Colleague: 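To start, I am sharing the structure in question, which I have written as structure tokens.
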Number of protein chains: 4
Amino acid sequence: MGIKDRRKREGVIIRKKIIEAATELFAQAGYENVSMRKIAAKIEYSPPTLYIYFKNKREILFELLKQGYALFYEAIKSTYDQNKDKDFRNKMLETLRSYVKFGDENKEYYKLMFIHNIDETEQVIGRDNDRYRGFEVLVMLVKEGIADGVINRSDPILLSQSIWAGLHGITALLNTFDKFPWVEKERIIDFHLNMIINGVSNKK
Amino acid sequence: MGIKDRRKREGVIIRKKIIEAATELFAQAGYENVSMRKIAAKIEYSPPTLYIYFKNKREILFELLKQGYALFYEAIKSTYDQNKDKDFRNKMLETLRSYVKFGDENKEYYKLMFIHNIDETEQVIGRDNDRYRGFEVLVMLVKEGIADGVINRSDPILLSQSIWAGLHGITALLNTFDKFPWVEKERIIDFHLNMIINGVSNKK
Amino acid sequence: MGIKDRRKREGVIIRKKIIEAATELFAQAGYENVSMRKIAAKIEYSPPTLYIYFKNKREILFELLKQGYALFYEAIKSTYDQNKDKDFRNKMLETLRSYVKFGDENKEYYKLMFIHNIDETEQVIGRDNDRYRGFEVLVMLVKEGIADGVINRSDPILLSQSIWAGLHGITALLNTFDKFPWVEKERIIDFHLNMIINGVSNKK
Amino acid sequence: MGIKDRRKREGVIIRKKIIEAATELFAQAGYENVSMRKIAAKIEYSPPTLYIYFKNKREILFELLKQGYALFYEAIKSTYDQNKDKDFRNKMLETLRSYVKFGDENKEYYKLMFIHNIDETEQVIGRDNDRYRGFEVLVMLVKEGIADGVINRSDPILLSQSIWAGLHGITALLNTFDKFPWVEKERIIDFHLNMIINGVSNKK
DNA sequence: AATGAATGAGGCTTCATTCAT
DNA sequence: TATGAATGAAGCCTCATTCAT
């Protein structure tokens, strides 16, 4: 391996360190309240060093979001795949649950990706990203459900949007209102997911 | 009317102008990104003037939130009251709709009250406010529904939290993702509300 | 008594209140750290009211100093007069003590008059004031002492300046270094005054 | 010399320039009346640059005081050492003179260290500093004088405090009242120092 | 006599970013 | 690659003061 490659690899490592530090700080204090200095301090480099790896603060956010979207899509898709052969209701339940779980386990990412709408976030979109690919999995799932006779025969897009709203609602509230006296977390999530599925299902 | 009264009233008007300007700016750009300078510029006063009417930036936010909570509660409670005598499902539908409608018609308030969670917001609570009184209306409604036999016999708190999550989901997404290709707004809202009610109802 | 007189008298009262409030605040926090607002708040008037009675902040200081100088001179002169008939050493001791006592009992005034040298304080001088009239008492005393054979035959001005320095030293240090581990206050003062007198006296 | 060293040295130079500018300004106008802007202007840098070298305004004062205390102690101690072998009265005279001389030649430092008592100054103490080590030299001297039979047999602490007050008096007055019609400076200082020594000496 | 309203100037400080090394 | 040095812009906020009423 040449010297060039080693350097490149080191560069990648530092980029990663920056992203990690930024993710943590952004989540704790909010994008606006985190300065380049603070990110630099956290990784024990000087502020100008960040500019070697990222054009500016926004680019750090963008990269971070891109990675977040990828993780997000991966989480949902793999759950869907792993439950491919279960009966539909369970497959759906687990896939929806993976959405909420992602938000719960990656509060920082979820906040930045789906709750806050940072100024120019839209600009990341269009650049190839996985932001809405999770939604496509949902549409697919819904279509299966209709074919299966479980989900009621409506516009799959409409259904998917409604379901997404249901998922986002619980995920966002648990994230944002962490001091609200929720009933036990597993219980409210489970109840809510079933409520959603019931809400879109044919009555027996 | 004495001179004193006129002056006082003028003061009240400026306070109102400040709140309005701040509401708009905070919602657009986020609390952290709005400076006193910017608020002052928007109402065409000098920055120090703001400090005549509000102790500091936080107090502007507090006042704004307080007003928002009051409007919010009023919107929901009055809808509930006006539909008191309708059959339960319609009463519920209209009350839930009033939540989404409030969020849709007061995007800035909704964002500040329920989407962003500004650090200091928690401090407003405790000071008498209407933040969670809307939730109490919901609990009441749910209990009626259970008594009525429409809503399934579960923990009313659990049910209410789930419904709230459902409502917040659609309200927040429409607010935040205004560039997403939603199906027609009235349609998705209507569908979603019915989905929620179905989701918590006894099957016939 | 006419209405005009009453008003005038009321004006005098408010002026006095302002001076009192200012004296206290200046002494506590230093001239620079006291704002017109704070003075106004202390007497429960609005800031512009102060400008009815004083041209500006400096004028408040000047007035205050003028009063301080008067009190100072009065304290020393009256002590001198009251001890006119005692033997010289005691007369001197008591007069010198009255200087230190004034500084101890009027810390705020002493600080403003003799320790800090606020910007334009010099401007107060020239306006008739009692700043240096205390010094004249001292010169008089010294001359008496020389005539009396107690104080050594030197330039009375030189002697007086040296004595003043001695007095200022203890007064200022006790005022400024209130956390220094002084021996008991009465004791150090008494010792110091005797030291001064011995220092300028003929040896027996 | 490496690049790093040169940079470091340049940094040290700027720190020094800041301290010098601040010393002059603080002494002239008082700590409270000197703004970071003004210090920056004096050294022809932008205000934020100061924050590269000092955390905040207070730290500039602290550093400055620390240096002043060191210079002060050094001045007195070295004089004492240099006169170790002279007869006691001369040793004492020269040591006391070095105090006054320090104050005369370092008016700004003396003002900041012993005349003004800036709120936060107390906080520098405790951090290792030389503020009161000069006083210890004085105590030592006094004890020698007692042993020597020159100084009268009193509490050495009491004696030292009284002498300090004497020294501070002349130093502070000459510093603060530079427009007062003093007799010739050398003369008043010399007279005053002898007055102090006589004041604490045994009569022959 | 008294004060609500208003502001230009300026206080301390942090920011994102650039540049030379 | 890495960073010391530097800064224009801007953050929140307080000040002394004026003016119309």
Side-chain angles (χ1 to χ4, degrees), chain A residues 3 6-8 10-11 14 32-40 44-60, chain B residues 2-11 13-14 32-40 44-58 60, chain C residues 6-8 10-11 14 32-40 44-60, chain D residues 2-14 32-40 44-58 60:
Chain A
I3 217 178
R6 190 163 68 246
R7 283 207 179 149
K8 202 174 189 180
E10 278 162 11
I14 298 189
E32 320 296 349
N33 294 314
V34 175
S35 67
M36 293 298 264
R37 270 159 140 81
K38 282 175 193 157
I39 298 172
E44 300 189 291
Y45 278 86
S46 71
T49 300
L50 303 186
Y51 289 87
I52 295 169
Y53 299 96
F54 294 93
K55 207 180 133 209
N56 53 34
K57 194 179 165 189
R58 256 173 54 195
E59 288 293 327
I60 297 179
Chain B
I3 235 181
K4 232 171 172 175
D5 287 330
R6 189 162 68 245
R7 281 195 179 171
K8 206 176 195 175
R9 222 194 28 197
E10 278 162 14
I13 290 172
I14 298 187
E32 319 289 355
N33 293 311
V34 175
S35 67
M36 293 300 263
R37 270 141 133 99
K38 282 176 194 158
I39 299 173
E44 301 189 287
Y45 278 86
S46 71
T49 299
L50 303 186
Y51 291 87
I52 296 171
Y53 300 96
F54 294 92
K55 210 178 130 213
N56 52 36
K57 195 180 163 188
R58 257 175 57 188
I60 297 180
Chain C
R6 189 161 71 244
R7 281 206 180 150
K8 203 173 189 179
E10 279 162 10
I14 298 189
E32 321 297 349
N33 295 313
V34 174
S35 67
M36 293 297 265
R37 270 161 141 81
K38 282 175 193 158
I39 299 172
E44 299 188 292
Y45 278 85
S46 71
T49 300
L50 303 187
Y51 290 87
I52 294 167
Y53 299 95
F54 294 93
K55 206 180 134 211
N56 53 33
K57 194 181 165 187
R58 258 173 54 193
E59 288 293 328
I60 297 179
Chain D
I3 237 181
K4 234 174 171 173
D5 286 329
R6 189 162 69 244
R7 281 196 179 171
K8 206 177 197 174
R9 223 193 29 196
E10 277 162 13
V12 170
I13 290 171
I14 298 187
E32 319 289 354
N33 291 312
V34 175
S35 66
M36 293 299 263
R37 268 141 134 100
K38 282 177 192 157
I39 299 173
E44 300 189 288
Y45 278 86
S46 71
T49 299
L50 303 187
Y51 290 88
I52 296 171
Y53 300 96
F54 295 93
K55 211 179 129 210
N56 53 34
K57 193 180 164 187
R58 257 174 56 188
I60 297 180

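In this text the structure is predicted, and so the values were computed from the model without any measurement. Just so it is clear: chains get the letters A, B, ... in the order the sequence lines come, proteins before strands, and each one is counted from 1.
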Colleague: Base, sugar-phosphate alone, or nothing: which one does A:K55 contact when heavy atoms must sit under 4.0 Å apart?
Modeller: nothing
Colleague: Distance check: side-chain N/O of C:R37 vs OP1/OP2 of F:dT14, anything under 4.0 Å?
Modeller: no
Colleague: Compare every heavy atom of D:I14 with every heavy atom of D:Y45, then report the nearest pair and how far apart it is.
Modeller: OH-CD1, 3.5 Å
Colleague: How long is the line joining CE of C:M36 and P of F:dT17, in whole Å?
Modeller: 6 Å
Colleague: Can you measure A:E32 atom CD to E:dT14 atom P for me and round it to whole angstrom units?
Modeller: 18 Å
Colleague: Starting at CD1 of D:I14 and ending at C1' of F:dA6, how long is that distance when rounded to a whole Å?
Modeller: 9 Å
Colleague: So how far is it from C:I60 CD1 to C:I39 CD1, rounded to the nearest 0.5 Å?
Modeller: 4.5 Å
Colleague: What's the separation between atom OG1 in B:T49 and atom CE in B:M36, rounded to the nearest 0.5 Å?
Modeller: 10.5 Å
Colleague: Please state how far atom CZ in B:R58 lies from atom C1' in F:dC13, giving the value in whole angstrom units.
Modeller: 14 Å
Colleague: B:K38 side chain N/O closer than 4.0 Å to the phosphate oxygens (OP1, OP2) of F:dA10?
Modeller: no
Colleague: Considering heavy-atom distances to DNA chain E, does D:N56 or A:N56 have its closest nucleotide positioned more toward the 5' end?
Modeller: D:N56
Colleague: Give DNA chain E the dot-bracket treatment, 5' to 3': Watson-Crick (N1-N3 with N6-O4 or O6-N4) or G-U (N1-O2, O6-N3) under 3.5 Å, [ ] crossing, | other strand.
Modeller: .||||||||||||||||||||
Colleague: Calculate the interatomic distance between B:K57 atom NZ and F:dA10 atom P; express it in whole Å.
Modeller: 15 Å
Colleague: Specify the residues of residues 44-54 of chain A, ordered by number, for which at least one heavy atom lies under 4.0 angstrom from an atom of DNA chain F.
Modeller: A:Y45, A:S46, A:P48, A:T49, A:I52, A:Y53
Colleague: Do you know the tightest heavy-atom contact between C:E32 and C:K57?
Modeller: O-NZ, 4.1 Å
Colleague: Please state how far atom CG in D:N33 lies from atom P in E:dC12, giving the value in whole angstrom units.
Modeller: 10 Å
Colleague: What's the CD1-P distance between B:I60 and F:dC13, to the nearest Å?
Modeller: 9 Å
Colleague: Working to the nearest 0.5 Å, report the span between OG of B:S46 and CZ of B:R37.
Modeller: 11.5 Å
Colleague: Could you tell me the separation between the CD1 atom of D:I39 and the C1' atom of E:dT13, rounded to a whole number of Å?
Modeller: 13 Å
